[in-house]
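All remarks here apply to the structure that follows.
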Number of protein chains: 2
Amino acid sequence: MTKQRAAIIKVMRENCGHFTAEEIFLLAKEEYPSIVRATIYNNLNGMVEEGSIRRICQSGHPDRFDRNPMPHEHIICTGCGKVEDLNIPGLTEAMEDATGCEIEDYELVIHCKCPECRVV
Amino acid sequence: MTKQRAAIIKVMRENCGHFTAEEIFLLAKEEYPSIVRATIYNNLNGMVEEGSIRRICQSGHPDRFDRNPMPHEHIICTGCGKVEDLNIPGLTEAMEDATGCEIEDYELVIHCKCPECRVV
DNA sequence: TAATAAATTTAGAATGATTCAAAAATAAAT
DNA sequence: ATTTATTTTTGAATCATTCTAAATTTATTA
């Protein structure tokens, strides 16, 4: 456990949501000003591999990192771009039925309007 | 309609599956040797925007392009890496129920073993 | 606690997919 | 056939991310 890693973990604990590496870098810099981007990537990649966080990828955007390590769904608002968590009950079973095998992992990103951006 | 665009469309019609821009580039080159990568990207981006193909993104890999323009699901095999289509009936309704709003689009990528890579 | 080994961080260059800007070529419209 | 609009080409640029090697820090062992 290094001071740099501690800073990254602190930043992710104290800020809610789905971070880009750059966002974490800027926040971690406030905790530990000499920290460098490669350290952010090293640690985030390690955490993803050990399964303590998740990676969310969206084409044309940098990857985001999600504090919630369990497979779950995401909404990306087509109005404001905000990323939110969602849980669809029974989804894993539906996937198992459709594939006929064990689901090792999955990513579901839904594009729709978040409550604040809804017109109707 | 240019000869380059025709070559790209021909390549996508005659080869099944989910192409990277680079794969399309190499195949299109056989049809039209002077074609250039930027033309591939121009055309693919245009087709995605007009909704005649879809983009699949996978972190750490180049984007893939899917001839099937309808929202549907994908399996990426954790054994061989192959990308296959899948359809999960009732998924859209489950998403509508969970979000309470109209689903404009979605991407679902499932990581599991394809039939050829299954051990059990 | 000192010495050694192992892991992590740093700096900065490198990579790779993709985009961009400007010029050249081609297609469409008059 | 001319003009206008669109597309392609070239090659440089961008951006997120990874890599390499050296320096530093942490953990382990004596």
Side-chain angles (χ1 to χ4, degrees), chain A residues 1-12 15 17-67 74 76 81 83 107 109, chain B residues 1-12 15 17-67 74 76 81 83 107 109:
Chain A
M1 176 59 66
T2 63
K3 289 165 188 174
Q4 290 89 334
R5 176 171 301 178
I8 293 169
I9 291 171
K10 181 161 187 269
V11 156
M12 294 193 86
N15 296 275
H18 309 89
F19 319 83
T20 61
E22 187 67 18
E23 286 164 0
I24 294 175
F25 170 63
L26 295 173
L27 290 166
K29 239 172 131 64
E30 293 174 15
E31 295 289 327
Y32 196 94
S34 67
I35 203 169
V36 111
R37 281 190 186 80
T39 301
I40 306 291
Y41 283 105
N42 278 347
N43 279 282
L44 290 175
N45 287 339
M47 292 180 207
V48 169
E49 262 189 62
E50 78 189 24
S52 57
I53 63 174
R54 315 201 100 226
R55 187 194 304 272
I56 309 170
C57 90
Q58 201 189 348
S59 159
H61 300 265
D63 284 0
R64 293 185 166 273
F65 296 88
D66 187 341
R67 255 182 3 186
H74 290 107
I76 297 183
V83 180
E107 298 109 36
V109 176
Chain B
M1 178 59 67
T2 62
K3 289 166 188 173
Q4 290 88 336
R5 176 170 301 177
I8 293 169
I9 291 170
K10 180 160 186 272
V11 158
M12 294 193 86
N15 295 275
H18 308 90
F19 319 82
T20 61
E22 187 67 18
E23 285 164 0
I24 294 175
F25 170 63
L26 295 173
L27 290 165
K29 237 170 133 63
E30 293 174 14
E31 294 289 327
Y32 196 94
S34 66
I35 203 169
V36 111
R37 282 189 186 80
T39 301
I40 307 291
Y41 283 105
N42 279 347
N43 280 282
L44 290 175
N45 287 339
M47 292 180 205
V48 169
E49 261 188 61
E50 80 190 23
S52 57
I53 63 173
R54 317 201 99 225
R55 187 194 304 271
I56 310 171
C57 90
Q58 201 190 348
S59 161
H61 300 264
D63 284 0
R64 292 185 166 273
F65 297 87
D66 188 341
R67 255 181 4 185
H74 290 108
I76 297 183
V83 181
E107 298 110 34
V109 176

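Numbers restart at 1 for each chain; the letters A, B, ... are given by sequence-line order, proteins then strands.
Close to C/dT18, at under 4.0 Å from its OP1 or OP2, lies no side-chain N or O of B/Asn45. Note on A/Ser34: every side-chain N or O is 4.0 Å or more away from OP1 and OP2 of C/dT9. The side chain of B/Tyr41 contributes no N or O atom lying less than 4.0 Å from OP1 or OP2 of C/dT19. Neither OP1 nor OP2 of C/dT8 sits under 4.0 Å from any side-chain N or O of A/Thr2.
Counting only N and O atoms by type, the side chains of B/Arg67 and B/Asn15 include no donor and acceptor under 3.5 Å apart.
If you check D/dT9, C/dT8, C/dT10 against the side chain of A/Ala38, the one that comes closest is C/dT10. The side chain of A/Lys3 approaches D/dT26 more closely than any other nucleotide in the set C/dT18, D/dT26, C/dT10. For B/Tyr32, taking side-chain heavy atoms from C-beta onward, the closest of the listed nucleotides D/dA16, C/dT9, D/dT9 is D/dT9. The listed nucleotides are C/dT9, D/dT9, C/dT18; the one nearest the side chain of A/Arg5 is C/dT9. Picking from C/dT9, C/dT18, D/dT9 the nucleotide with the shortest atom distance to the side chain of A/Gln4 gives C/dT9.
Checking C/dT30 for Watson-Crick or G-U wobble geometry (two distances, each under 3.5 Å) identifies D/dA1 as its partner.
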For A/Glu23 and A/Arg64, run salt bridge (charged side-chain N to carboxylate O under 4.0 Å, His left out): C-alpha distance rounded to whole Å, both residues' side-chain angles, the deciding distance at 0.1 Å, then the answer.
-> CA-CA 9 Å; A/Glu23 286 164 0; A/Arg64 293 185 166 273; 3.6 Å; yes

Run the numbers on A/Ile40 and A/Glu22 for side chain to side chain contact (heavy atoms under 4.5 Å, CB included), then give the verdict.
-> CA-CA 9 Å; A/Ile40 306 291; A/Glu22 187 67 18; over 6 Å; no

Would A/Glu107 and A/Ile56 count as a side chain to side chain contact (heavy atoms under 4.5 Å, CB included) if you check the C-alpha gap in whole Å, the side-chain angles of each, and the deciding distance to 0.1 Å?
-> CA-CA 8 Å; A/Glu107 298 109 36; A/Ile56 309 170; over 6 Å; no

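Rounding to whole angstrom units, CD of residue B/Gln58 and P of D/dA16 are separated by 20 Å. Rounded to a whole Å, the CZ atom of A/Phe19 is 15 Å from the P atom of D/dT17. Atom C1' of nucleotide C/dC20 and atom CZ of B/Arg37 are separated by 16 Å, given to the nearest angstrom. In this entry the distance linking CD1 of B/Ile35 with P of C/dA25 reads 17 Å, nearest Å. If you take NE2 of A/His61 and P of D/dA16, they are 11 Å apart, rounded to a whole angstrom. Between B/Asp63 atom CG and C/dT19 atom C1' the separation is 13 Å, expressed in whole Å. The nearest whole Å value for the distance from the CZ atom in A/Arg64 to the C1' atom in D/dT17 is 16 Å. We find that CE of B/Met1 is positioned 14 Å from P of C/dA29, with the value rounded to whole Å.
The 5' end of DNA chain C is approached more closely, in terms of each residue's nearest nucleotide, by A/Asn43 than by the other of A/Asn43 and B/Arg55.
B/Asn42 comes within contact range of at least one nucleobase, with a heavy-atom separation under 4.0 Å. Here B/Thr39 lies in heavy-atom contact (under 4.0 Å) with a base. Within 4.0 Å of B/Phe25, counting heavy atoms only, lies no atom of the nucleic acid at all. Counting any heavy atom pair closer than 4.0 Å across all strands shown, B/Thr20 reaches no nucleic acid atom.
Note that NZ of B/Lys29 is 8.0 Å distant from CG of B/Leu26, once rounded to the nearest 0.5 Å.
In this structure, A/Ile8 and A/Ile35 have side chains that are in contact, with non-hydrogen atoms separated by less than 4.5 Å.
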